[in-house]
Amino acid sequence: MSEEIAYECGYDCMGDMMVDHLTRKEINDMLREYIQEDETGIVEDIIMEIAIRKYNWVDHEGAKAVAEDVAYQAHKDREE
């Protein structure tokens, strides 16, 4: 419904309409609220990309999990 309303008001998408009519503070507040409520994992992926690219962050837990998986698979392969 919201997409249709924006289109009828001359906008290609809801985002364009909101950017044109909300203040930067309102948009930032909305973004912060949605980020905190995100359950899709998209925000975590974005945060990880920024941390890796800008801060040389290393996912030690992820690397450990991969190493454990490789070791388990190697052990399993030897048993066969």
Which residues pass the salt bridge (charged side-chain N to carboxylate O under 4.0 Å, His left out) test with Lys76, not counting sequence neighbours?
none
Sorted by chain and number, sequence neighbours left out, side-chain hydrogen bond (donor to acceptor under 3.5 Å, both in side chains) with Glu26 holds for Thr23
Give the C-alpha distance, both sets of side-chain angles, the deciding distance and a yes or no for side chain to side chain contact (heavy atoms under 4.5 Å, CB included) between Asn28 and Lys25.
CA-CA 5 Å; Asn28 285 339; Lys25 181 181 179 342; 5.7 Å; no
Give every donor-acceptor pair under 3.5 Å between a side-chain atom in residues 13-21 and any protein atom, sequence neighbours left out.
| unit_1 | atom_1 | unit_2 | atom_2 | d |
| --- | --- | --- | --- | --- |
| Asp20 | OD2 | Tyr11 | OH | 3.1 |
| His21 | NE2 | Tyr11 | OH | 2.9 |

Excluding sequence neighbours, so at least two apart, what forms side chain to side chain contact (heavy atoms under 4.5 Å, CB included) with Lys54?
Ile50
Hydrophobic cluster partners of Tyr72 (side-chain heavy atoms under 4.5 Å):
none
Going by side chain to side chain contact (heavy atoms under 4.5 Å, CB included), name the residues that satisfy it together with Asp77, two or more places apart in sequence or in a different chain.
Gln73, Glu80
For Arg78, enumerate each residue passing the salt bridge (charged side-chain N to carboxylate O under 4.0 Å, His left out) test, keeping only those at least two apart in sequence or located in another chain.
none
Between atom CD of Glu33 and atom CG of Leu31, what is the distance when rounded to the nearest 0.5 Å?
10.5 Å
Counting only pairs under 3.5 Å, give me each side-chain donor-acceptor contact of residues 58-67, with atom names and distances, residues two or more places apart or in other chains.
| unit_1 | atom_1 | unit_2 | atom_2 | d |
| --- | --- | --- | --- | --- |
| Asp59 | OD1 | Glu61 | N | 3.4 |
| Asp59 | OD1 | Gly62 | N | 2.8 |

Should we say atom CZ of Arg53 is surrounded by more than 12 heavy atoms from elsewhere, each under 6.0 Å from it?
yes
Report, one line per pair, each donor and acceptor closer than 3.5 Å where one atom sits in a side chain of residues 34-42; sequence neighbours left out.
| unit_1 | atom_1 | unit_2 | atom_2 | d |
| --- | --- | --- | --- | --- |
| Asp38 | OD1 | Thr40 | N | 3.4 |
| Asp38 | OD1 | Thr40 | OG1 | 2.6 |
| Asp38 | OD2 | Thr40 | OG1 | 3.4 |
| Asp38 | OD2 | Gly41 | N | 3.2 |
| Asp38 | OD2 | Val43 | N | 3.3 |
| Thr40 | OG1 | Ile42 | N | 3.1 |

Who else is in the cluster with Met1 when I, L, V, M, F, W and Y are joined by side-chain contacts under 4.5 Å?
Ile5
Value for CG (Asp12) from CD (Glu3), rounded to nearest 0.5 Å, stands at 9.0 Å
